[in-house]
Protein chains: 2
Amino acid sequence: MSGCGNQGPTDPGGVDTGILESLLGYHARRASLAIVGRFMEHMAPHGLRPVDFSVLTLIAQNPGITSRQICAALAIQPPNLVGLVGGLQQRGLIERRPHPNDRRAVGLHLTPDGQRLHGAACATASAAEAQAATALTAREQATLVRLLRKLYSDV
Amino acid sequence: MSGCGNQGPTDPGGVDTGILESLLGYHARRASLAIVGRFMEHMAPHGLRPVDFSVLTLIAQNPGITSRQICAALAIQPPNLVGLVGGLQQRGLIERRPHPNDRRAVGLHLTPDGQRLHGAACATASAAEAQAATALTAREQATLVRLLRKLYSDV
DNA sequence: TATTGTTATACTCTATAACTATA
DNA sequence: TATAGTTATAGAGTATAACAATA
């Protein structure tokens with residue numbers, strides 16, 4: 001029974017998607033792609049990808065944070081963060097300072113330019129969020145965030 | 001104000017994630033990665049990636065479906081589907097038959113082996129879904145799917 | 001011995017241009 | 001002229017191994 005007993009709903013193209021419609025991962029991935037795509041369009045004028053904005057935010061909220069801490073918080077492999085941080089530094093948005101306690105590590109800080117750009121990017125992010133969530137009420141948004149957190153918090 | 005006025009919650013590592021906590025895309029992406037990751041682990045014994053399972057499901061539910069229809073339903077670029085379909089055919093899971101009305105197109109069908117594997121994979125998918133959603137009640141799951149669909153349906 | 005940051009590298013995923021045969 | 005399928009290819013994104021400096 002390769003159809004799994006389902007005669008499921010159809011997508012806009014009139015194709016029966018069967019069991020896919022019942023899988024949380026299917027919907028989570030499609031929603032993620034749609035939202036992140038819109039976020040990218042809004043953030044493009046700032047020259048920031050979603051991961052760039054995430055890194056800037058972590059540095060803004062945690063001055064002196066190390067690369068390893070960023071990697072742990074965002075699930076990025078250390079080698080893949082090197083170029084990203086290098087790019088932000090080359091644009092003059094962040095700077096590296098010696099870590100006070102550990103001479104192996106480097107503390108990351110926003111420059112004044114970085115603070116200005118991050119402030120503008122935060123406003124853009126809020127605007128994008130408001131637009132992305134027009135289909136949802138405020139209560140639905142809160143519910144959605146709560147349920148999504150449940151899904152990845154206990155892994 | 002590069003912190004956007006937020007002094008947000010912290011992630012397990014004790015890092016302040018600031019405005020990220022309020023962004024739907026941030027949570028949708030993390031939830032998607034967590035769920036899809038577990039789905040991949042469950043599906044690995046069948047030798048199927050999520051996209052392979054999706055394609056097999058579409059063919060199972062829509063015998064004779066064309067590559068272009070699959071591309072439209074799953075947002076895959078046609079060139080990227082060629083190798084995928086070729087691999088499934090080489091494994092003897094699907095077969096290509098001439099399209100009844102259009103000599104340019106090819107209708108895709110599951111072989112008996114493909115039907116057996118897809119049936120087993122469906123059972124695995126259901127089991128993975130049940131495990132992924134232990135943190136949620138049945139009502140919460142339904143709510144989550146409904147809200148996620150809203151987010152990407154009106155794009 | 002373990003950890004930080006780094007280089008080099010490879011593998012996957014995704015996107016575009018261009019071709020062929022049919023419509 | 002437009003579409004279905006394909007090839008070749010380029011660009012992201014992501015993964016591991018191994019190294020030097022330091023803990």
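Just so we're on the same page: letters track the sequence lines, and every chain starts at 1.
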Determine the contact category for B/Val106: base if any of its heavy atoms lies under 4.0 Å from a base atom, sugar-phosphate if only primed atoms, P, OP1 or OP2 are that close, otherwise nothing. sugar-phosphate
Can you tell me how far apart CG (B/Leu74) and CG (B/Leu81) are? Round to the nearest 0.5 Å. 8.0 Å
What do you reckon, is CE of A/Met43 surrounded by more than 12 foreign heavy atoms closer than 6.0 Å? yes
Heavy-atom closest pair, residues B/Ala73 and B/Leu58: CB-CD1, 3.9 Å
Under-3.5 Å N/O pairs linking protein and nucleotides 20-23 of chain D:
residue: D/dA23; atom: OP1; partner: A/Arg103; partner atom: N; Å: 3.0
residue: D/dA23; atom: OP2; partner: A/Arg103; partner atom: NH2; Å: 3.2

Counting only N and O atoms by type, is there a donor-acceptor contact under 3.5 Å from the side chain of A/His27 to the main-chain atoms of A/Glu21? yes
B/Pro78 or B/Arg49: which one's nearest nucleotide on DNA chain C is closer to the 5' end? B/Arg49
Under 3.5 Å, is there a donor-acceptor pair between the side chain of B/Arg91 and the main chain of B/Gly47? yes
Derivation of the side chain to side chain contact (heavy atoms under 4.5 Å, CB included) call for A/Ser126 and B/Ile19: CA-CA 9 Å; A/Ser126 296; B/Ile19 194 182; 3.9 Å; yes
A/Arg49/A/Leu84 under side chain to side chain contact (heavy atoms under 4.5 Å, CB included): CA gap, chis, key distance, verdict: CA-CA 10 Å; A/Arg49 298 164 298 169; A/Leu84 202 165; 3.7 Å; yes
DNA chain C: 5'-most and 3'-most nucleotides touching chain B, 4.0 angstrom heavy-atom criterion: C/dC13 to C/dA23
Using heavy atoms to find the nearest nucleotide of DNA chain D for B/Leu33 and B/Ile65 separately, return the residue whose nucleotide is more 5′. B/Ile65
If you find the nucleotide of DNA chain D closest to B/Asn80 and the one closest to B/Thr66, which residue's nucleotide is nearer the 5' end? B/Thr66
Tell me, with the steps shown, if B/Ile70 and B/Asn62 meet side chain to side chain contact (heavy atoms under 4.5 Å, CB included). CA-CA 10 Å; B/Ile70 293 177; B/Asn62 307 273; over 6 Å; no
B/Ala75 vs A/Arg96, nearer the 5' end of DNA chain C by closest nucleotide: A/Arg96
May I have the distance from A/Ile76 (atom CD1) to D/dA15 (atom P), rounded to whole angstrom? 10 Å
How many whole angstroms separate atom CD of B/Gln77 from atom C1' of D/dT9? 15 Å
Going hydrophobic residue to hydrophobic residue with side-chain gaps under 4.5 angstrom, can you get from B/Leu23 over to A/Val51? yes
Rounding to a whole Å, what distance do you find between A/Leu84:CG and D/dT14:P? 10 Å
